[in-house]
Amino acid sequence: MTSSDFLDVALVNMPFASIRQPSFALGLLASSIRGKYKVKTFDFNVDFAEIIGLDLYDEISTWHIVDLLGDRLFAQDLYGSLIPPFEEYVERILKGKAQEHEAPFEKRLVDETFYDGLVEIQSAVGPFLEKCLQAIAEANPKVVAFTSMFHQQVAALSLAKRIKDVFSRTLIVFGGANCKNVMGEELLRCHPFVDAVCLGEGDSAFKSLVDAYMSDQSLDDIDEILGMALQKNIEGKASLESDLNSVPMPDYSDYASLYEQRKFMSQVRARIFFEMSRGCYWGQRKRCIFCGQSSETLRFRKKSRGRIISEVRSLVSDYPGFCLSLSDESCDAEMLDSLMEALAMFDRKPEIVYLQVRPDIDMISIKKLAECGLKRVEAGIESLSSKVLSIVGKGVSALQNIAFLKGCREAKITPVWNFLWGFPGEPIEAYENMAKIMPLLYHLPPPNYAGPFRLDRFSPCFEDPERYGIKRIRPYPSYAFTYPFGEKATNNLASFFTFEYQIPQNCAEYTHELRENIFFWKEIHPKSSLCFSRDEEGLIIDKRSGEGEWHIRLDPLTLAVCKACSKPVTIEAIALSLSEKGFVEDENKIKQSIINLIKYGIVLKEGKMLLSLVTKEEVMP
């Protein structure tokens, strides 16, 4: 290889990032400097998945995140005897002997087969890193930049150290979720082989750093760069991109080539990320108390309609056969309309496997997107109690959340959502009430995860614990099994924390029945339904129990009332709807119909609002 073949910049994606998509961050960085510099993205995570097997790789990359399993598998190579032995980590963390790491009910148990697989992975780490080093050496880049998301921090650090030991003049840069603000500054202090860290959004900051370094400046000569922390000036300041229309479209060409070259990747349905916005339009008004998005990055910014349409069409054309996944924290109706217009030109529309919305979104837009290829949508539901939702700051009601789940079932879209509890000061009776109504919801999509809320860095609870009723905040014990640093440094590196309540709450006791019901919900949901009969007007078929079915026959007025509250409405709105359909009934008869519907368990009432649980699906009686 001649010097003209050498790279200027190498962008590196390490295990255990998912191999099902390229790194969105690296795609943006590649696009921002390609043309001016010779750049290549190295998806070493794909190499490692091929070495250890896709199933085991997926198991680790999706493991309970606070256990730091992906990081711990590389930590022994980087830190050696400075950290506790792996066997102790397995007992205390993976098996939940440390109280903070007790497994939620859906967490896999560590059996002998899985344990042996983890031991074999550790023995493969050294040779794998040497192969990565060789690939970097052959490319001989002047700059090597690592993305550091969850489960890949230590793997990235391990390779970075190897590179610096051999190529001392190579600029080593880190960025990503693990590097925000104080975390990035501490990463620099603890790892002197890292030269620079991007503390927030890196689009402009990284380009400025590369421009400065490639102009033959030494690192010591580089002036302060907004958004970057350097070894000589560790306390930097995060930056934001104010105009998203000026951010280039991500470049995934290296991943697309790799996907075509590797035969084992045929097992993977690949997807690509794109963004229409950054920040959260709700969060900038009122933050959810457990939201781990830093306050400055919550500022909502979105691309223009024309930019969204042109970018989506370009990405679909450039990467045919790839699914689409949106990175947005929240999508408003205008953005969804732009997305639908962009997809309208394609006869064969790409599958949209991920979209994040608020549960109070207009379901008409979601149903239209389902026709355009939308398969999964994530919503911040978190609870089915309006009292708890008010404490959290969600800005939605329980009936709105339930209506969203109902709409997803009707649109044949899979909603991804969490059921969380343990918020400071939450009322016990709320959990008693949710446990009572839950059997009425077994036909609706169950939560993917259920358990205590997690205390994340940057959340209001973390930043102002006294106000929110918590104390004794500490990093999860897994951090002490992964990093060999003192208490202060470990605290600065950590993203996830344990805590105690100022006023004790026995969450395990008051959520017991609820947890049992959620477990049953997930088990019987595939054979559960509640819908109108196709052949008999006024007949509702109830299969929510999962065993057998019940037939509920409604008189014309009660049927009309049931259909009138397909969305959360008041009795006044129901009366108006009925009058428009020709029903001239006094309010007492309407109230009696509502009482009957509530008795049958097919309408829920909260305050003045009513919601029918019957989905608009037609089945034979």
Side-chain angles (χ1 to χ4, degrees), residues 24-25 65 149-150 176-183 199-203 227 237-244 247 273-303 308 325-336 339 354-362 365-366 377-383 385-398 400-401 404 415-420 422-426 449 453-465 467-470 495-497:
F24 177 48
I65 196 167
M149 300 293 286
F150 310 118
N178 287 325
C179 302
K180 287 184 178 179
N181 298 343
V182 67
M183 295 187 291
L199 301 176
E201 295 178 2
D203 310 77
K237 183 178 180 181
S239 61
L240 283 182
E241 298 298 323
S242 57
D243 179 12
L244 293 190
V247 174
F273 276 104
F274 73 96
E275 65 180 357
M276 299 186 289
S277 66
R278 294 182 188 177
C280 177
Y281 66 82
W282 172 257
Q284 70 177 4
R285 292 165 51 196
K286 183 178 177 62
R287 293 186 68 188
C288 299
I289 65 172
F290 63 91
C291 174
Q293 184 74 278
S294 57
S295 56
E296 65 268 16
T297 56
L298 273 175
R299 186 164 68 83
F300 188 61
R301 298 144 289 154
K302 64 181 179 180
K303 296 177 180 176
I308 291 172
S325 189
L326 285 85
S327 68
D328 303 74
E329 291 286 332
S330 57
C331 295
D332 61 22
E334 182 181 21
M335 292 157 59
L336 297 183
L339 179 58
Y354 185 81
L355 170 69
Q356 187 166 325
V357 297
R358 281 178 52 81
D360 58 356
I361 194 76
D362 184 357
S365 297
I366 297 298
V377 60
E378 179 171 335
I381 291 178
E382 274 74 70
S383 182
S385 164
S386 292
K387 290 183 178 179
V388 174
L389 291 166
S390 177
I391 290 172
V392 174
K394 296 299 296 184
V396 294
S397 69
Q400 285 177 302
N401 281 344
F404 176 82
V416 178
W417 67 284
N418 297 327
F419 205 123
L420 305 179
F423 301 106
E426 61 186 8
Y449 167 83
F453 88 97
R454 189 182 67 210
L455 182 60
D456 290 3
R457 183 184 293 280
F458 305 122
S459 68
C461 278
F462 178 86
E463 293 179 340
D464 194 357
R467 174 185 175 187
Y468 292 101
I470 62 177
S495 297
F496 313 118
F497 298 82

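- Arg287 and Ser459 get closest at one heavy-atom pair: NH2-CA, 3.9 Å.
- The minimum heavy-atom distance linking Met183 with Ser495 is given by the pair SD-OG, 3.4 Å.
- Here the closest non-hydrogen pair linking Cys331 and Val357 is CB-CG1, 4.3 Å.
- Between the side chain of Arg301 and the backbone N or O of Leu244, no donor-acceptor pair lies under 3.5 Å.
- The shortest distance between side-chain heavy atoms of Phe274 and Leu339 falls below 4.5 Å.
- Each of Glu329, Glu334, Glu275 was evaluated against Lys302; a single residue qualifies, Glu334, per the salt bridge (Lys or Arg N to Asp or Glu O under 4.0 Å) test.
- The neighbour count for Arg299 CZ, taken as heavy atoms of other residues, nucleotides or ligands under 6.0 Å away, is above 12.
- Between Tyr354 and Ser325 the shortest heavy-atom distance is CB-OG, 3.1 Å.
- With values rounded to the nearest 0.5 angstrom, Cys288 atom SG is found 9.0 Å from Leu298 atom CG.
- Listed for the Asn401 side chain is a donor-acceptor partner under 3.5 Å among the backbone atoms of Ser383.
- Remark: Lys387 NZ to Leu389 CG distance equals 12.5 Å, nearest 0.5 Å.
- Side-chain atoms of Asp328 come within 3.5 Å of backbone N or O of Met276 as a donor-acceptor pair.
- Ring geometry for Phe423 versus Phe453: interplanar angle under 30°, hence parallel rather than tilted (30 to 60°).
- Between Val392 and Glu382 the shortest side-chain heavy-atom distance does not fall below 4.5 Å.
- Contact detail for Ser365 and Leu336: the closest heavy-atom pair is CB-CD1, 4.0 Å.
- Within the 4.5 Å cutoff, no side-chain heavy atoms of Gln400 are placed close to those of Lys394.
- In this structure, CG on Asn418 lies 8.0 Å from CZ on Phe290, to the nearest 0.5 angstrom.
- Side-chain contact between Gln293 and Cys280 is absent, with no heavy-atom pair separated by less than 4.5 Å.
- Two residues are said to be in side-chain contact when any heavy atoms from C-beta on lie closer than 4.5 Å; Val247 and Arg278 meet this criterion.
- Leu455 is not listed as a side-chain neighbour of Phe496, based on a closest heavy-atom distance of 4.5 Å or more.
- The CG atom of Asp362 sits 12.0 Å away from the CG atom of Asp332 when rounded to the nearest 0.5 Å.
- Checking side-chain atoms of Ser386 against main-chain N and O of Ala398 turns up a donor-acceptor pair under 3.5 Å.
- Note that CD of Gln284 is 7.5 Å distant from CZ of Phe300, once rounded to the nearest 0.5 Å.
- Checking side-chain atoms of Asn178 against main-chain N and O of Met149 turns up a donor-acceptor pair under 3.5 Å.
- Counting only heavy atoms from C-beta outward, the side chains of Arg457 and Val182 approach each other to under 4.5 Å.
- The shortest heavy-atom contact between Pro359 and Ile381 is CB-CG1, 4.3 Å.
- Within the 4.5 Å cutoff, the side chain of Val377 has heavy atoms near those of the Phe404 side chain.
- A donor-acceptor distance shorter than 3.5 angstrom exists from the side chain of Ser239 to the backbone of Glu201, with no hydrogens or angles considered.
- Interatomic distance, CZ of Phe458 versus SG of Cys291, reported as 11.0 Å (0.5 Å rounding).
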